Structures are given as structure tokens and as C-alpha cells.
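Shown next, in C-alpha cells, is the structure this report addresses.
In this text the structure is predicted, and so the values were computed from the model without any measurement.
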Amino acid sequence: MDGVMEQPAEDARIRSASGVPLPEVAVPGTAQRDPMDPAGGPDGGPDDRLGLPGGFPYTRGIRPGMYRERPWTIRQLAGFGTAQETNARYRMLLDGGATGINGVFDYPSLRAFDSDDPRAGADVGRGGVAVDLRGDFDTLFDGIPLDEVSVSLVSSQPIGAVPHLAMYVRSAERRGFAPARLAGTSQNDFLMETAITIAPEALPPAGSFRLACDLAEFALRTMPRWNPVSVSGYNYREAGADAVLEMALCLAHGQAVVRALLDRGFAAEPVLARVTFFLSAHSDFFEEVAKYRALRRMWAHWVRDELGVRDPRAQLLRYHVQTSGVTNSARHAHVNIARSALQGLAAVCGGTQSLHVNGYDEAVCIPSEHAALTALRTQYVLLHETGVAKVADPLGGSYLVEYLTDELEERARRVLERIGELGGIVAATERGWVHAELARTAFADQKAIENGERLVVGVNTQLDGDAEELDRFELPEGSLERQVAALERARSRRDREAAGVALKLVARACRDGENVMPAVLDAVDADVTLGELGRVFRDELGRWEFPLWQEC
């Protein structure tokens, strides 16, 4: 058994979720190198395809001892209703053992619409917390020690991420926490604005990307513990991408952000240390483990070989993982506990630095307290009871995992080259290529479910029995009315002239190509609302009509 096993015909091969052909059994020679031979380099040391944990190219993890040295951050997603209601959930999770906050905002807040906008009413407080003003952030983080707890602001679209960070900073300062003491992340992903959630209005890709870089520049200069960009591979995957497309879009986007900030005068090392990624954990266990390993290797090689950066700390791919919402089923919803646990296990075996495990009822509602605590405790089962935290890269050397790592890397590289041919990720988005690829992979996945090629419990197999009754979470009654009333009170008591002047200065910064963050911070101080800032950004940077049928 010293070579690849004979394969069946191409059309009969069993494949991974992303279409990688799978051998009946992986043997020496299945991967591009023998994973059991660590001495693959010319000097007798580990070679540039595998290496050791904590060493280039970080295929096997970013630290030598991985979770022996430090457990991953247990960061459960939370957000619904008003700031007061979400603050109670944050406190419950922190008291239950969460080690970081992952705060999600409702759709109007993400898109920079006020809660009393006629287009917003049906979504206020649903799927995330509603925020309109700096005062909402005062309430949202009341009683939480912001210099001790890492906070992820899941403000995915830059049009919302810029005001959200400004409100968070000003709120923290009022409580005595200087920006330099704040640790956390802004998601801040222009593809979320222009390719994933484009309704009802989206900024043009170049304008959205510019806002993302303005936020990043501000954080790099004033917030040394803040990660200003978290490239949202998770959301690409939820929108239909397979593992290969998720990888390629993440790499292309991350590279574009780094290059843009270098053009703004930053050195490479501090930028690279602060660009992070937000990845998905799907159900194809071995493929997901391989995905994380391949991404680390590809990023490290790009940093060293393309940018010429030799600082090991700057070569590390840092990321958070969330288990997959789109794989969860409404029927037999308690089976989602098993799904999410196995997906979380893949993330840990793949070397994540931070993890969110989904609640079992998220296919039908905002997670109930019971579902949220079950998901939180699932992470502690992974940490304390499975043994996977005791050894770095526990699946490293597996013939199958190494084969999949090599295959995913090669396939993602080809997609990355195509994005380069189109002029980069911003140009590829402007041309509609990103949208077309997401539609293609989403259609292929749905087709596989509908024709039975891919079996999903509770969707197209194991359908017997009544769907169990869930104690569904209900949005607290009157949340919308309370949010709108608070917004109206704030508008009535503010200095209207000061607010108007502040908005004009934001508009001027947009027109003049200045970094908008200083003007937005001043506007937040004047109690300018999120929706008012969003309107200025749209008026000055444009409203995009994305190309549905453009040749790519």
C-alpha cells in the first residue's frame, strides 16, 4: 500500500461537500506528501507544507501547545429586542461561563436605518438588538467591565459598523474606559453590504470598502487592542458558498484590506496582526478540519512570499468560528444539538481561536435561554471531556485530512487566481461575479438535497414522527414601541443645530476623501442617529444597483 488506491470512474466517485473526490481509504501517497514523514524539508526539518504547531506555515496551529497554553475564547452570539433586554442576556452568558461577548444587531441597525423608519418596523429587535443612538450602547453594556471582556460587534456592513464603533467608543469613554483599553472586533465586511444583504439599499462596492478601511485606519491609530476587520466567511457560507469559495473569498478580501491599509501608509506587521476572519463550521467534518488548516497555510505563504514579511506573529491567520445556522433543521430541532457539537468539534480540531455554538432552536426563533445555555455548555463538554484540547492538531498526519488540506488549498488557489484576473475582490463584486458564484454553489447544494444526493436528517430523511414542540422564544412585548419612544425623546431634547452641523461635516469628509471616523465621532456626541448617518453615506457615496446579468 505505497500508492493511491485505484479510483472509480469520475462520475461515480464519492465526494466531499465541496466536490473533492474521496478515496475508499486514504493511504500513503493519497496526499501530496507523506504526512507521517515530518522530515520533509531539505535540511531534514518539517517542510513548508506541514510543519509543526506554532511554526511556519502554521498548517497545524498558531501556537506550539495550542489549547494546552490557552483555551479558545468561548464567545456566544446574543442580541434581540432593546439594549436593556440584550444586556440581560449578555450578563446571563457571562455568568454562565462565556469569556467574550458576540453582539449581533438587528437588520435595520446593520443597514443604518432608524427603528422608526417605515421600512424597519417589521425587523426591529428581531434577529439582533436594535440600536439608534449612543445612549443605546450605554444601556447595552451597562455593568460590563469593558477593559476585561473582549467584545465583538457583529456590525457586518460598513455603513453600520462605522457608527456602531463610534457609539461604542463614546459610550465607553463616558464610563471611563479609554479607546486604548477596549479589546474586541468590528466585523466590518464590505461584501456583507454588497453581495450578501443588499436590500433595501446598498452602497457601491468601492464606497463600502472605503468606509471599512476608514474604520480600520482609525482603530489601528487609536485602539491597539481592537481588530477592525473580521472577514465574514461565515456569512458567505450561509449565503451558499462551499468550503472552497468561502476560502477564496476570505483570502481575496483579507488581502485587499491589507494592501489598502499599506497604501494608507501603515507598515505591514501591525496591519497583519489586526486583520481577522470569521469562518463557518459545516457538517462535513473532515473537510471542515482541512479547510482551517489549508487557510492558515495559504495566508502564511502569502504574507511571507508575496509581502516579504518575516515576523512570525504577522504570518498568523486569526479567526473565530460559528457553527452553521443554515444546516440546522426546524423539524426534529433537538438533533441540532448533535449537529452543532460535531461542527464545534471540527472547529476545535482545526485550531480555532474563538467559537460560537448555535442554539438548537435557531432554525425557528431567537435562541431561548435554555438553548443558549445548552450551546454554551456544549463548548465546555468539548473543552473538558473530549480530550481534543490536550494535543495540538490531533488529526494532523491523517492521510485523509492531509489529502483534503492539499486539495482544498489547490482548488481555492484557482478561484483566487480568477478573482485576481477580474481585478481583485472589489472589481469582482462590481461585475457581479461574486453574486453569480454564490448563486451557483447555493443552487448545487440545494439540488443535491432535493434529489437525495445529500441526506439531511429532518429535511429529506428520518422524517417520521411529529415535530417536537419547542418552547419558542418570543420577543418581549412592546420592544418596538419602547425603542421608537426612546428615539423620539432623544431627537426632541438634542441641540438640532449642533446635530445638523455635525452631519454636514460627515458629508464633507465623504466628499473630500477624508477619514470619516473623526466626523462620525463628533456626530455621535451630538446625538445624531444611526439612520441619519446612513442617509448621509448613501447620499454622498451613492446607491448601488448591482449587476444581475452582467458577463463575468
Side-chain angles (χ1 to χ4, degrees), residues 32-33 40-42 45-52 54-62 188-191 205-206 209-210 212-213 216-217 220 227-233 236 243-279 290-319 351 353 405-429 433-434 437:
Q32 295 182 24
R33 65 178 301 276
D47 75 0
D48 276 5
R49 298 206 58 73
L50 192 57
L52 293 173
F56 190 89
Y58 310 102
T59 310
R60 306 198 64 189
I62 66 171
N188 189 31
D189 181 328
F190 93 101
L191 281 179
F209 186 71
R210 176 258 177 104
C213 292
E217 180 182 7
L220 284 166
N227 300 317
V229 175
S230 182
V231 178
S232 278
Y236 312 158
V244 171
L245 186 58
E246 178 189 358
M247 292 171 65
L249 292 177
C250 281
L251 290 166
H253 185 182
Q255 291 170 5
V257 169
V258 171
R259 289 192 176 105
L261 292 171
L262 296 184
D263 289 342
R264 293 189 181 209
F266 289 98
E269 288 81 359
V271 172
L272 289 162
R274 308 272 291 284
V275 172
T276 61
F277 296 81
F278 171 31
L279 304 176
K291 177 184 74 180
Y292 308 122
R293 302 170 86 252
L295 268 171
R296 274 196 300 271
R297 185 159 72 197
M298 294 178 75
W299 184 256
H301 272 288
W302 177 73
V303 171
R304 187 192 71 174
D305 302 341
E306 297 294 323
L307 299 183
V309 174
R310 297 285 172 171
D311 182 351
R313 292 170 298 178
Q315 296 170 348
L316 304 180
L317 182 102
R318 298 172 176 87
Y319 61 95
Q353 287 86 66
T405 302
D406 290 347
E407 283 291 317
L408 291 176
E409 178 179 4
E410 180 56 33
R411 288 165 183 250
R413 191 182 309 282
R414 292 199 294 266
V415 180
L416 197 58
E417 289 171 354
R418 177 58 179 150
I419 295 172
E421 292 168 357
L422 292 169
I425 191 65
V426 174
T429 307
W433 180 90
V434 173
E437 286 298 292

Okay, side chain of [X], backbone of [Y]: is any donor-acceptor separation there less than 3.5 Å?
X    : Y    : value
R60  : L52  : no
Q353 : G351 : yes
T276 : V229 : yes

Minimum heavy-atom separation for [X] and [Y], please, with both atom names.
X    : Y    : value
W299 : L272 : CZ2-CD2, 3.8 Å
R293 : L50  : NH2-CD1, 3.7 Å
V303 : A314 : CG1-O, 3.7 Å
A412 : A248 : O-CB, 3.9 Å
G233 : C250 : CA-SG, 3.3 Å
I425 : T429 : O-OG1, 2.7 Å

Sorted by chain and number, sequence neighbours left out, ring pair (Phe, Tyr, Trp, His ring centres under 6.0 Å) with Y236 holds for none
Applying ring pair (Phe, Tyr, Trp, His ring centres under 6.0 Å) to F278 and not counting sequence neighbours gives Y234, H320
**Item:** Heavy-atom check, side chain of W302 versus side chain of V258, under 4.5 Å
**Value:** yes
May I ask you to test the Y319-R296 pair for a side-chain heavy-atom distance under 4.5 Å?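 In contact.
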Does a salt bridge link R418 with E421, judged by any charged N lying under 4.0 Å from a carboxylate O?
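Looking at E421 together with R418, the answer is yes, because their closest N to O distance falls below 4.0 Å.
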According to side-chain hydrogen bond (donor to acceptor under 3.5 Å, both in side chains), who are the partners of [X], at least two apart in sequence or on a separate chain?
X    : result
Q315 : Y58
R413 : E409
E269 : none

List the atom pairs, with distances to 0.1 Å, where a side-chain N or O of residues 261-268 and a protein N or O form a donor-acceptor pair under 3.5 Å, not counting sequence neighbours.
unit_1 : atom_1 : unit_2 : atom_2 : d
R264   : NH1    : D214   : OD1    : 2.8
R264   : NH1    : E217   : OE1    : 2.7
R264   : NH2    : D214   : OD1    : 3.0

Requested in this report: Take the angle between the ring planes of F190 and F209 and call it parallel below 30°, perpendicular above 60°, tilted in between.
Outcome: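 Perpendicular, since the angle between the ring planes exceeds 60°.
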